[in-house]
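A short write-up of the structure that comes next.
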Amino acid sequence: MGQLDGLVAAKLAQRKEQGTFRSLTTSTSLSTGSEGQVDFTSNDYLGFARSEELKRRISEAEKQFSEVGVGSTGSRLLTGNSTLAEQVEKQVAAFHHAETALIFNSGYDANVGLYSSLGRVVKYIVYDELIHASVHDGMRLSRAELKPFRHNDVESLRSVLSELHGAAVVAVESVYSMDGDLAPLKELVAVCTEFNADIIVDEAHAVGLFGEGRGRVSELGLENEVYARLVTFSKALGCHGAAVLCNDNLRQFLVNHARSLIFSTFTSNHSLISVKCAYDMLSCIDFNKLNISYLIDLFNQSIKEVSDVRVIGGESPILGVIVPGNAEVRAVAAAMQNDGFDVRPIVSPTVPKGTERIRICLHEFNTEAEVKGLIVSLQNAMAHVF
Ligand SMILES: Cc1ncc(COP(=O)(O)O)c(C=O)c1O
């Protein structure tokens, strides 16, 4: 053996020393969360990933599509394309009021493909400082100049754009995955229009929750003002994969230039069928009858009664309770897990030092009693640790 394994071990030891070591945990059952705990952490906002109805719909549809094979057998450009894939893309585009959709194997792949390829035709990529890691990885593969602006700060975007001389694309999320706050999309779009820049909106955490499931861009009627949107099937839809919603021009460009699409075997047919069924189910939801907004309000009201806690988010099911310090946030999470609540600590450097947090995701299937119990548990854990 060469030196590599020693170097790998040293890197791991460094992480342990810094308190940033990551390890895998196993969820034993979806209906109960990790090891029987109540799920306050997964992205399964609507409970689709554990839905018996969705499972039933998928097995029925598998019979209907019995002529399709298991795997797609190749890249989309070689043998991987199918009428099923094109049918699902049409369904996704129609649902989100978009001209076309192009499916990628994951949201990560979609962002990497999108920014790495577009970043070779624009001079600048301007991005919100809290944009998702997948956008960062795509940007790094591009040749564009990268310009951050302050999180959700319209004036900061204006000031960055005012200094550029050349084509720019602006990258934002509509609901931020770590802070759970909402981007001021209308204002951001207006500034982009003023400076002749194009904006792309990542709706990973908005799909299924805002705009009758269509996302915040649709909710605000901005479909024609944004250049492209990313929707993922992996969060509220309970499946896997993602789509870029765009015009036919960009779709063709991505088919020609997005390397994460070109050089990867396309998603399985089972996955496509699952996405089709999840969208069928999403279209049937009566959003006025959902419980999740009530649970968000309940959490926001109840947490106010807990002294000395700082909460971020509050407008979406993603909420963060700030517990400064990696060791401290881990201790609070461990105590809450001990009480039966599956919550995870988010440590630095994933989030800036001093803003370490317990990230809480509320779900349609959580109950009022569970949310109240979670807050009592948090209060006790904080009192114990501080
Ligand atoms: C904002 C955002 N974009 C993209 C992704 C990647 O999506 P996927 O999990 O489908 O790869 C995520 C998931 O963590 C996300 O939070």
Side-chain angles (χ1 to χ4, degrees), residues 22 24 27 41-46 48-49 88-89 92 96 101-118 125 127-141 148 151-152 169-183 185 188 199-210 215-217 226 228-246 254 258-261 264-268 270-272 274-275 278-279 282 312-313 315-320 344 346 350-351 357 359-363:
R22 295 174 164 127
L24 301 177
S27 298
T41 195
S42 80
N43 296 318
D44 188 21
Y45 301 115
L46 295 176
F48 274 29
V88 176
E89 281 179 341
V92 172
H96 292 283
L102 182 67
I103 293 179
F104 283 73
N105 287 343
S106 69
Y108 181 89
D109 278 8
N111 273 335
V112 167
L114 195 55
Y115 289 96
S116 59
S117 57
L118 282 178
I125 302 177
Y127 62 96
D128 185 291
E129 63 186 349
L130 294 192
I131 201 79
H132 193 256
S134 52
V135 174
H136 280 280
D137 291 358
M139 292 194 298
R140 266 190 224 135
L141 291 170
H151 177 53
N152 274 349
V169 63
V170 175
V172 299
E173 291 174 34
S174 58
V175 178
Y176 279 84
S177 62
M178 281 297 149
D179 286 26
D181 53 352
L182 309 187
L185 284 181
L188 294 170
I199 187 164
I200 297 184
V201 183
D202 183 333
E203 296 247 57
H205 296 275
V207 172
L209 297 167
F210 292 86
R216 290 195 60 231
V217 169
V226 305
R229 285 174 271 169
L230 172 83
V231 292
T232 53
F233 312 140
S234 50
K235 322 279 183 217
L237 282 157
C239 298
H240 185 244
V244 173
L245 308 176
C246 56
L254 293 172
R259 293 167 69 85
S260 55
L261 178 99
S264 182
T265 298
F266 189 50
T267 196
S268 73
H270 172 77
S271 200
L272 289 171
S274 306
V275 171
Y279 269 94
L282 191 59
I312 49 176
E315 300 153 300
S316 81
I318 306 170
L319 300 134
R344 306 291 166 94
I346 309 290
T350 300
V351 289
R357 68 200 62 171
R359 182 171 180 267
I360 293 164
C361 285
L362 300 174
H363 309 94

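Counting starts at 1 for both ligands and their atoms, in listed order. A quick note: this is a predicted structure, and the numbers were derived from the prediction, not measured.
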Does any N or O in the side chain of [X] come within less than 3.5 Å of the main-chain N or O of [Y], such that one atom is a donor and the other an acceptor?
X: E173; Y: A183; result: no
X: D137; Y: L141; result: no
X: N152; Y: L182; result: yes
X: E203; Y: S174; result: no
X: R229; Y: H96; result: yes

Sub-4.0 Å heavy-atom approach of A242 to ligand 1 =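 No.
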
key: Whether K235 lies under 4.0 Å from ligand 1, heavy atom   =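 True for this residue.
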
Within the structure, does [X] bring an N/O atom to less than 3.5 angstrom of an N/O atom in ligand 1?
X: E173; answer: no
X: S134; answer: no
X: G107; answer: yes

Mark up the atoms of ligand 1 that fall under 4.0 Å of a heavy atom belonging to [X], in ascending order.
X: S234; answer: 8 (P), 9 (O), 10 (O)
X: N111; answer: 3 (N), 4 (C)
X: Y108; answer: 6 (C), 7 (O), 8 (P), 11 (O)
X: A204; answer: 1 (C), 2 (C), 3 (N), 15 (C)
X: S177; answer: 16 (O)
X: T232; answer: 7 (O), 10 (O)

task = Assess whether side chain to side chain donor-acceptor pair (under 3.5 Å) is satisfied between H136 and Y127, documenting all intermediate values.
result = CA-CA 9 Å; H136 280 280; Y127 62 96; 4.8 Å; no

query = With respect to V172, which candidate in D202, L188, I200, V135 satisfies the side chain to side chain contact (heavy atoms under 4.5 Å, CB included) definition?
reply =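 Going through D202, L188, I200, V135 one by one, the side chain to side chain contact (heavy atoms under 4.5 Å, CB included) with V172 is satisfied by L188 alone.
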
Which heavy atom of the protein is the closest neighbour of [atom], given with residue, atom name and distance?
atom: atom 16 (O) of ligand 1; answer: H205 NE2, 2.7 Å
atom: atom 5 (C) of ligand 1; answer: H132 CE1, 3.5 Å
atom: atom 4 (C) of ligand 1; answer: D202 OD2, 3.6 Å

key: Between H151 and D181: side-chain donor-acceptor atoms closer than 3.5 Å   =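 Yes - a donor-acceptor pair under 3.5 Å links their side chains.
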
request  = Show the numbers, then the answer: is there a side chain to side chain donor-acceptor pair (under 3.5 Å) between S268 and H270?
outcome  = CA-CA 5 Å; S268 73; H270 172 77; over 6 Å; no

